[in-house]
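In what follows, chains carry the letters A, B, and so on, assigned in the order in which the sequence lines appear, proteins first and then strands, with residues in each chain numbered from 1.
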Amino acid sequence: MINKADKNITDVLSQIKDGATIMIGGFGTAGQPAELIDGLINLGVKDLVIINNNAGNGDHGLAKLLKTGAVRKIICSFPRQSDSWVFDELYHAGKIELELVPQGNLACRIQAAGMGLGAVYTPTGFGTLLAEGKETRHIDGKDYVLEYPIKADFALIKASRGDRWGNLVYRKSARNFGPIMAMAAEVTIAQVSETVDLGELDPEYVITPGIFVQHVVQIQPTSTEPASDEYASTATTATA
Amino acid sequence: MINKADKNITDVLSQIKDGATIMIGGFGTAGQPAELIDGLINLGVKDLVIINNNAGNGDHGLAKLLKTGAVRKIICSFPRQSDSWVFDELYHAGKIELELVPQGNLACRIQAAGMGLGAVYTPTGFGTLLAEGKETRHIDGKDYVLEYPIKADFALIKASRGDRWGNLVYRKSARNFGPIMAMAAEVTIAQVSETVDLGELDPEYVITPGIFVQHVVQIQPTSTEPASDEYASTATTATA
Amino acid sequence: MSHTSYTVLTRDQIAERAAQDIPDGAYVNLGIGLPTKIAQYLPDDKDVFLHSENGLLAFGPPPAKGEEDPELINAGKEYVTMLDGGSFFHHGDSFAMMRGGHIDICVLGAFQVAANGDLANWSTGAEDAIPAVGGAMDLAVGAKKVFVMTNHTTKTGDPKIVSELTYPVTGKNCVDRIYTDLCVLNVTDKGLVVTEMVDGISFEDLQALTGATLTDATTVK
Amino acid sequence: MSHTSYTVLTRDQIAERAAQDIPDGAYVNLGIGLPTKIAQYLPDDKDVFLHSENGLLAFGPPPAKGEEDPELINAGKEYVTMLDGGSFFHHGDSFAMMRGGHIDICVLGAFQVAANGDLANWSTGAEDAIPAVGGAMDLAVGAKKVFVMTNHTTKTGDPKIVSELTYPVTGKNCVDRIYTDLCVLNVTDKGLVVTEMVDGISFEDLQALTGATLTDATTVK
């Protein structure tokens with residue numbers, strides 16, 4: 001019998017090694033798997049390639065991971081934010097490599113990986129600096145840039161509920177990159193606020209079918225935290 | 001105020017002209033928009049290009065449309081079935097053109113249209129008769145075939161519930177091609193078993209957001225029909 | 001540049017003017033910053049569907065104080081609410097809406113717009129600046145109509161409407177209409193056509209503040 | 001071809017044998033026809049997730065008489081049920097599962113399999129036949145492992161395991177293992193390796209019924 005929710009964060013993350021390519025869900029902090037990122041920091045792996053829409057906010061989560069120096073390269077669409085000082089400093093010091101990708105090409109290249117495509121012709125970025133050196137083609141009256149899939153060894157994402165087979169549902173705009181990253185990584189690790197029994201998620205409304213998820217880790221909400229999406233970093237063994 | 005559910009089948013379909021390219025949802029009869037197809041037959045347009053997974057079953061629905069001689073060409077993956085005698089006869093008589101596409105390439109090319117891609121490299125069909133004459137490329141150790149989007153003027157699909165903004169949910173395996181066809185057509189017409197008020201469809205579980213749907217037509221179930229998915233062809237003005 | 005006796009539109013007035021051109025039933029993406037203001041001026045008797053890159057359709061105004069949900073934000077990372085009839089979806093579907101031509105109108109800010117509709121709004125090309133692009137390039141190529149909302153000139157009085165971009169391009173030939181604090185411009189095959197000007201300004205005044213040749217709509221047939 | 005004293009497996013026995021090689025937790029697509037039988041022989045103590053092209057994951061056995069739902073069918077258009085923990089999705093996502101390498105094992109029928117793993121199962125190339133392909137080509141290239149389940153020879157005794165295909169190919173170099181009524185074959189870089197034979201058959205008998213050179217696993221190191 002398969003129970004993808006039977007490990008705690010430390011055990012699940014221990015399979016990540018130096019040099020791994022890791023997708024991290026979230027748009028800003030919404031949908032950012034904060035506890036998984038903390039676990040990754042504790043793990044102490046280095047030389048990572050990170051794929052995320054942004055490059056961290058404030059001093060927590062992804063920004064904190066960057067600060068440890070564990071990240072060799074980041075692939076993202078919008079690294080410059082009012083509170084992205086950790087990335088700013090690393091970038092100006094030449095301590096991190098940046099691959100800037102238009103947000104829709106980021107999404108599409110992640111989708112291409114999940115869908116098993118070899119490459120796609122996308123109109124976005126044609127004629128811009130971000131398409132420099134890339135192959136282009138005129139198709140049916142419009143110009144396109146050839147873009148290749150972005151795959152990852154791991155995806156760390158945040159969902160709201162999951163079951164022991166890895167089925168997931170999300171909450172509001174925290175969904176963002178989660179479903180497509182889950183499809184594009186060899187191993188997807190989802191943190192959820194609640195693990196539910198098989199059958200509790202309506203099959204019509206499962207957003208990420210379990211086939212795309214290898215591990216589900218339940219994060220226990222603590223009463224001391226004010227906002228509903230803020231939980232303690234304590235991983236618990238999920239019951240299922 | 002927008003009410004996409006304010007027309008009956010006849011009025012909605014009257015915008016379809018001779019020579020139109022039309023996607024029709026359904027996998028076999030599951031998800032086939034039977035009443036919309038009947039409406040299309042009554043409309044009497046001809047020289048149509050039809051995109052569907054199959055080429056009709058028995059003497060109803062898509063098969064009936066084919067029998068009228070209205071279809072110039074069909075793009076599908078599996079036209080040969082035990083009850084596809086209507087297509088068989090037309091094909092052997094040279095009265096219909098067939099573009100045979102592997103089912104996943106059919107899905108992917110429809111998706112490419114909806115996503116605004118110019119073309120995609122897909123591994124499916126490489127080295128086979130169905131890729132003859134097509135451009136290929138070796139990418140990262142694997143062979144791919146270049147395939148172009150399949151777009152349509154209209155998509156006729158079947159959903160279970162919809163609202164006046166065109167949001168849709170489906171029922172079980174009747175979902176199949178519906179959501180991706182809705183994204184790939186200029187005008188999508190969805191028949192639903194029930195029109196519901198705005199807000200009744202949970203925003204987390206809308207499968208096809210209204211942006212992809214231009215018309216919703218409610219098909220009234222009649223008590224004389226035995227099976228739950230069989231309804232009379234009477235369109236009613238939806239209340240919303 | 002000398003002001004004679006004309007009135008410059010405020011940011012809110014530009015937004016209000018642009019809002020008038022958004023029809024009932026339009027699917028609209030309002031770019032981060034100035035264009036976001038347009039939402040306030042959409043009339044209540046129209047259904048205008050606001051799309052946000054991060055997976056929202058038919059979102060509504062900001063929540064009441066204390067009702068903010070960190071997981072319900074728009075692309076500008078502002079708190080929003082959802083209207084009845086709205087929906088959530090993932091980034092793949094969200095950018096399919098944009099890239100696939102399903103968004104009717106997007107309204108973007110600009111560093112520069114060229115006479116041929118080229119848009120620059122993602123990078124000034126400054127050497128020490130960290131490049132960031134977000135969804136600007138996707139909106140520029142994907143929306144059926146691209147409107148730009150901008151001040152007519154920079155703070156230092158340099159034209160933002162130019163004959164050719166000097167900043168890195170976001171999208172080529174993509175802009176359809178420009179709303180500034182001085183006028184409304186249509187981008188046409190024959191160049192920039194002025195369809196409206198603020199009270200008191202002369203066509204010559206406007207031309208003097210613009211880096212590209214303008215045509216007066218009243219002289220075009 | 002002469003039978004000496006060996007026992008040919010029934011279709012059910014081939015299915016039962018193939019079922020033994022499907023591990024706990026596997027995501028599996030069973031091709032239309034013969035492979036479908038495998039579902040009956042999956043042990044209850046394993047979670048094996050059955051996928052169907054038309055948008056089902058973790059579907060279950062056929063419904064009881066009278067409980068059939070025309071909107072709950074598998075790719076073979078047979079009535080099925082859903083297990084708790086199953087899910088529905090559209091064709092795009094369904095074929096992403098297949099093409100994207102997310103399906104662990106697919107089991108397909110075959111007209112022919114070549115020694116290099118080429119598979120023919122969609123067309124006999126007959127001139128008057130209507131071509132139809134369905135999802136066969138997607139499964140052939142997309143699943144992590146492709147198993148074939150077939151009789152060893154045609155009804156007229158011709159080999160179906162051949163050195164080179166004479167029928168049109170479905171997928172090149174895609175087959176990993178072949179289950180027949182006579183044996184189990186692994187497709188390896190060194191050709192076809194026999195890992196099991198039915199009781200009573202000799203390697204020479206088996207080779208005589210096969211159109212490609214076989215290697216006995218016991219002689220391979």
Enquirer: Is it true that Thr210(C) and His152(C) share a donor-acceptor pair across their side chains at a distance under 3.5 Å?
Expert: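 Yes, side-chain donor-acceptor contact under 3.5 Å.
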Enquirer: How would you list all residue pairs meeting ring-ring contact (aromatic ring centres under 6.0 Å, His included) that involve residues 138-172 of chain B, not counting sequence neighbours?
Expert: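 Residue pairs passing ring-ring contact (aromatic ring centres under 6.0 Å, His included), neighbours aside: Trp165(B)-Phe49(C).
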Enquirer: Would you say that more than 12 heavy atoms from the other residues, nucleotides or ligands in this model lie under 6.0 Å from the CZ of Arg11(C), or not?
Expert: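 Not more than 12 within 6.0 Å, no.
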Enquirer: Can His215(B) and Gln15(B) be counted as having a side-chain donor-acceptor contact under 3.5 angstrom?
Expert: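 Per modelled atom types, His215(B) and Gln15(B) side chains form a pair under 3.5 Å.
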Enquirer: Among residues 110-122 of chain C, which residues come closer than 4.5 Å to chain B, judged by heavy atom distances?
Expert: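 From residues 110-122 of chain C, none sit under 4.5 Å of chain B.
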Enquirer: Show the nearest heavy-atom pair for residues Val45(B) and Asp18(B), with the distance to one decimal.
Expert: CA-OD1, 3.3 Å
Enquirer: Give a yes-or-no answer on whether the side chains of Asp199(C) and Thr7(C) include a donor-acceptor pair shorter than 3.5 Å.
Expert: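 Their side chains do not contain a donor-acceptor pair, so the 3.5 Å distance test is not met.
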Enquirer: Would you give the length of the straight line joining atom CD1 of Ile75(B) to atom CD of Glu99(B), rounded to the nearest 0.5 angstrom?
Expert: 4.5 Å
Enquirer: Verify whether one side chain among Ser52(C) and Asn54(C) offers a donor that lies under 3.5 Å from an acceptor in the other.
Expert: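 Present: a donor and an acceptor within the cut-off.
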Enquirer: Pick one of side chain, backbone, both or neither for Leu83(C), based on which atoms fall under 4.5 Å of a heavy atom in chain B.
Expert: side chain
Enquirer: Drop me the distance from Leu156(B)'s CG to Glu35(B)'s CD, to the nearest 0.5 angstrom.
Expert: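 If we round to the nearest 0.5 Å, Leu156(B):CG and Glu35(B):CD are 12.0 Å apart.
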Enquirer: Using non-hydrogen atoms only, which part of Phe212(B) is less than 4.5 Å away from chain C: side chain, backbone, both, or neither?
Expert: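 The side chain, not the backbone.
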Enquirer: Do any of residues 86-95 of chain C have a heavy atom less than 4.5 Å from a heavy atom of chain B, and if so, which, in residue order?
Expert: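 Against chain B, the residues of residues 86-95 of chain C that fall inside the cut-off (heavy atoms, under 4.5 Å) are Gly86(C), Ser87(C), Phe88(C), Phe89(C), Asp93(C).
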Enquirer: Let me know which of Ile22(B), Leu62(B), Ile9(B) forms a side-chain contact (heavy atoms from CB on, under 4.5 Å) with Leu40(B).
Expert: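 That would be Ile22(B).
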Enquirer: With a 6.0 Å cut-off (strictly less than), is the heavy-atom count around CD of Glu186(B), excluding the residue itself, greater than 12?
Expert: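 No, CD of Glu186(B) has 12 or fewer neighbouring heavy atoms, counting only those of other groups under 6.0 Å.
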Enquirer: In terms of heavy-atom proximity below 4.5 Å to chain B, should Asp24(C) be classed as side chain, backbone, both, or neither?
Expert: both
Enquirer: Kindly give the heavy-atom pair with the smallest separation between Pro35(C) and Gly109(C), and that separation in Å.
Expert: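 Scanning both residues, the minimum pair turns out to be CG-N, 3.7 Å.
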Enquirer: Residue by residue, scan residues 129-150 of chain C and write down, ordered by number, those that have a heavy-atom distance under 4.5 Å to chain B; if none do, write 'none'.
Expert: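 Against chain B, none of the residues of residues 129-150 of chain C fall inside the cut-off of heavy atoms under 4.5 Å.
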Enquirer: Working to the nearest 0.5 angstrom, can you tell me the gap between Lys151(B) NZ and Met183(B) CE?
Expert: 14.0 Å
Enquirer: Between the side chains of Thr195(C) and Asn186(C), is a donor N or O closer than 3.5 angstrom to an acceptor N or O?
Expert: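 Their side chains do not contain a donor-acceptor pair, so the 3.5 Å distance test is not met.
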Enquirer: Is Asp44(C) close to chain B through its backbone or its side chain, or both, or neither, when contacts mean heavy atoms under 4.5 Å?
Expert: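 The answer is the backbone of Asp44(C).
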Enquirer: Tell me yes or no: between the side chains of Tyr41(C) and Asp12(C), is some donor less than 3.5 Å from an acceptor?
Expert: yes
